[in-house]
Structure formats: structure tokens, C-alpha cells
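Notes to accompany the following structure.
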Amino acid sequence: MSADNALLTLLMEKLRNNLLVLPTLPEIAVRVRQAAEDPDINLHAMAEVIARDPALSARMLKVANSAFLGRSIKVNTLNQAVTRIGLFQVKNIATAMALEQLFVSQHPQVLEQMSELWRDTIEITCIAMACLKFYQQNHKHVPLNLDTLTLAALVYQIGALPILTEAEKYPAVFAEPTYLRHAIRDLSASIGVVILQSWGFADIFIKVTQDWAGLQTADAVCYTDFVRLAAIARQQFPRRSNEPQLLEYYLAQGLIPKVNFMQDPQIAQNYQDAKTMFM
């Protein structure tokens, strides 16, 4: 059996038998999400929860001062940052910012792969955010939120993490990166669904992970559309031959202003602004 097939077979077997070691949501993200469920939580109390993690606190200040939020006055305290981001939105944003903690490994080759995966995920997220912001600017009453999309895009390939962790046991896999790409392409969605369910994430996030690589479109514009657009822009959509038809559909729906949408000045600026949240 080839190394490629051996890895796929092993992963599918472990997934079927609930033996795959899944990443756990960072503790600070769990605390923030639990606090957000408290009907009596206020901005000050939420800031206190976030303050327990200095790295996340710094991230939230960066988000609050990012060009994407479009504010010229700089905030200097966590209370101000949470106020600017919003109590409802901070749950998803804080979870999103904490996810980087998962993309680590003691194995140098795995760490390199995880770092690349995180960089690619940020790119996908920023493009998706840029396109949703463009759509919101032209469709004022869209029931889609940027904070939800940010988190949905950052976890769209979360299923790749256990694949990379398992692959470190098989050095032959790293001699041929194509093996890993095949495993991630074929299994990350199924594994990702299991991970998000174990984390207690809402169906809206699970649906993006399940559907972004497919061709099905919903009756109404949804988060999956923007993640799919970003994957197309990054040449990571697995069904390359179907890209023209999808782009024409999204053009007709007003999600993008033209087929080569990343060259549109408004989307390009939105993309650069979104990157300031992560840089």
C-alpha cells in the first residue's frame, strides 16, 4: 500500500472508531464563550475574562485598533477594546484570535506545515471578510455578521490539524507533500465537523466546513459563499473547472463586482484593512 493510501486508510479508520486525537479549544476561548452565555455579563466583566490571557488581550487591542473597524481614535485599554468590538461580537472574535495557539508542534516539519496552514487560513479569512464587507456596503440589510464570518473562515479547515499530527508518525508522507494535500482535501471536512461538534459550535460554522468545497448554493447568501470565494481567489478551491460558473453566479448575485474581484479597489482595500487584524 502506498504511503498516500496508508495515511488515508489510517485516518478514516481512526475517525470511524473515534480514536483520532482532536484538538481542544484553547482554555481562554472556552472561558470567553462561557462568559458570553451569561445573560448578566457586561463589558467590564468580559474584559476581565479576556485579561487573564495577555496574548489574547494584545490581540483584542490590535483588532479594536485595526483599519478594518474604521476608527481613527486609538483605544489603549481592554475595556475600550471590548466596548468598540461589541459584547455580542467579542465572543467570536476572541475565539478566532485564540485559535492560533492550536497551530503548534514539537516536530519541525509538522510545525512548518501548520504555520503554512495558519498563514493560508488567515489569507482566506481576510479575503472572505473583504468580500462580505463589500456586499454589506451595497446591501444594507444583510443578516450576516463579520465576526461570525471571521470565526467561520478561521475554522473552515480545522480538520487538517489532526491529519498533520498523525502524519508526523509517517516520515514518508513528508517526502511527498501531495500525500498530505490529498488527505486534507479528502478528510478535513469530515474531521472538522467532528471537532466543531466537540467544541459545541453552532450549526452555522459546521455548515461552512461541510459545504465550502462543494458546488451547492443556498437560496439566500450565506457565509459559505464568502469562504468559497476566498478559496477560489487563493486557488485552493478543489473543483477548479467549476470556478467560472461559480464566479458568474456570485457576480449575478452581487457578491462581487467583477470576475477578477480581487482587482476591485474597494475589495482590495477591504482586504488590506482586514489584514491589520492579524499582522
Side-chain angles (χ1 to χ4, degrees), residues 68 92 96 99-100 102-103 113-136 144-161 163-164 177-178 180-193 195-196 201 204-218 220-264 267-268 270-275 277-278:
F68 197 75
N92 287 332
L99 286 175
E100 187 177 5
L102 299 178
F103 290 74
Q113 295 282 343
M114 286 191 174
S115 297
E116 181 180 348
L117 177 63
W118 178 247
R119 288 192 298 269
D120 285 343
T121 301
I122 288 175
E123 287 293 322
I124 292 287
T125 301
C126 291
I127 295 171
M129 292 167 66
C131 291
L132 176 55
K133 191 169 186 178
F134 167 84
Y135 188 71
Q136 289 177 327
L144 300 175
N145 302 308
L146 281 162
D147 62 284
T148 302
L149 176 64
T150 301
L151 182 53
L154 284 174
V155 299
Y156 91 107
Q157 278 214 108
I158 197 70
L161 290 184
I163 295 174
L164 291 171
T178 303
L180 271 181
R181 287 197 293 271
H182 287 173
I184 290 171
R185 178 197 65 198
D186 295 343
L187 295 175
S188 70
S190 299
I191 297 172
V193 167
I195 293 171
L196 296 181
F201 273 38
I204 199 166
F205 299 103
I206 294 171
K207 186 166 180 58
V208 171
T209 299
Q210 279 180 324
D211 296 346
W212 74 270
L215 299 174
Q216 186 175 0
T217 53
V221 174
C222 63
Y223 296 111
T224 301
D225 295 319
F226 296 98
V227 173
R228 188 180 288 149
L229 272 171
I232 291 173
R234 289 283 294 171
Q235 298 185 341
Q236 292 185 11
F237 187 66
R239 304 168 189 265
R240 301 295 299 277
S241 63
N242 296 107
E243 287 180 4
Q245 111 189 40
L246 282 170
L247 288 170
E248 289 296 338
Y249 172 79
Y250 289 136
L251 180 62
Q253 295 297 311
L255 273 72
I256 52 176
K258 53 186 178 182
V259 170
N260 55 343
F261 59 93
M262 288 306 294
Q263 295 180 21
D264 176 77
I267 289 182
N270 290 347
Y271 164 73
Q272 292 298 330
D273 290 347
K275 289 188 75 171
M277 291 176 58
F278 300 95

May I ask you to test the [X]-[Y] pair for a side-chain heavy-atom distance under 4.5 Å?
{"X": "L99", "Y": "V155", "result": "yes"}
{"X": "Q113", "Y": "F103", "result": "no"}
{"X": "M114", "Y": "L161", "result": "yes"}
{"X": "F205", "Y": "N92", "result": "yes"}
{"X": "T121", "Y": "L117", "result": "yes"}
{"X": "F278", "Y": "L154", "result": "yes"}
{"X": "F261", "Y": "L247", "result": "yes"}

So which heavy atom on [X] is nearest to which on [Y], and how close?
{"X": "T150", "Y": "A96", "result": "CG2-CB, 4.2 Å"}
{"X": "Q136", "Y": "N145", "result": "NE2-CA, 4.5 Å"}
{"X": "L255", "Y": "Y135", "result": "CA-CD1, 3.7 Å"}
{"X": "A160", "Y": "S188", "result": "N-CB, 3.8 Å"}
{"X": "V193", "Y": "T209", "result": "N-CG2, 4.1 Å"}

Return all side-chain donor-acceptor pairs below 3.5 angstrom for residues 224-231, not counting sequence neighbours, or 'none' if the list is empty.
| from | atom 1 | to | atom 2 | distance (Å) |
| --- | --- | --- | --- | --- |
| D225 | OD1 | Y250 | OH | 2.8 |
| D225 | OD2 | C222 | N | 2.9 |
| R228 | NE | W212 | O | 3.1 |
| R228 | NE | G214 | O | 3.1 |
| R228 | NH1 | Q216 | O | 3.2 |
| R228 | NH1 | Y250 | OH | 2.9 |
| R228 | NH2 | D211 | O | 2.9 |
| R228 | NH2 | G214 | O | 3.4 |
| R228 | NH2 | Q216 | O | 3.1 |

Report yes or no: does D264 contribute a side-chain atom to a donor-acceptor pair with the main-chain N or O of I267 at less than 3.5 Å? yes
I need the [X] [atom1] to [Y] [atom2] distance, nearest 0.5 Å.
{"X": "K133", "Y": "L149", "atom1": "NZ", "atom2": "CG", "value": "12.5 Å"}
{"X": "E100", "Y": "S115", "atom1": "CD", "atom2": "OG", "value": "8.5 Å"}
{"X": "H182", "Y": "L187", "atom1": "NE2", "atom2": "CG", "value": "12.0 Å"}

Sole candidate of I184, I163, I124 that passes side-chain contact (heavy atoms from CB on, under 4.5 Å) when paired with Q157: I184
Would you tabulate the side-chain donor-acceptor contacts of residues 235-245 under 3.5 Å, counting partners in other chains and residues two or more places apart, or write 'none'?
| from | atom 1 | to | atom 2 | distance (Å) |
| --- | --- | --- | --- | --- |
| Q236 | OE1 | Y156 | OH | 3.4 |
| R239 | NE | A213 | O | 2.9 |
| R240 | NE | E243 | OE2 | 2.9 |
| N242 | ND2 | Q245 | OE1 | 3.3 |

With D120, which residues qualify under salt bridge (charged side-chain N to carboxylate O under 4.0 Å, His left out), at least two apart? R234
Passes side chain to side chain contact (heavy atoms under 4.5 Å, CB included), N270 versus M129? Steps please. CA-CA 8 Å; N270 290 347; M129 292 167 66; over 6 Å; no
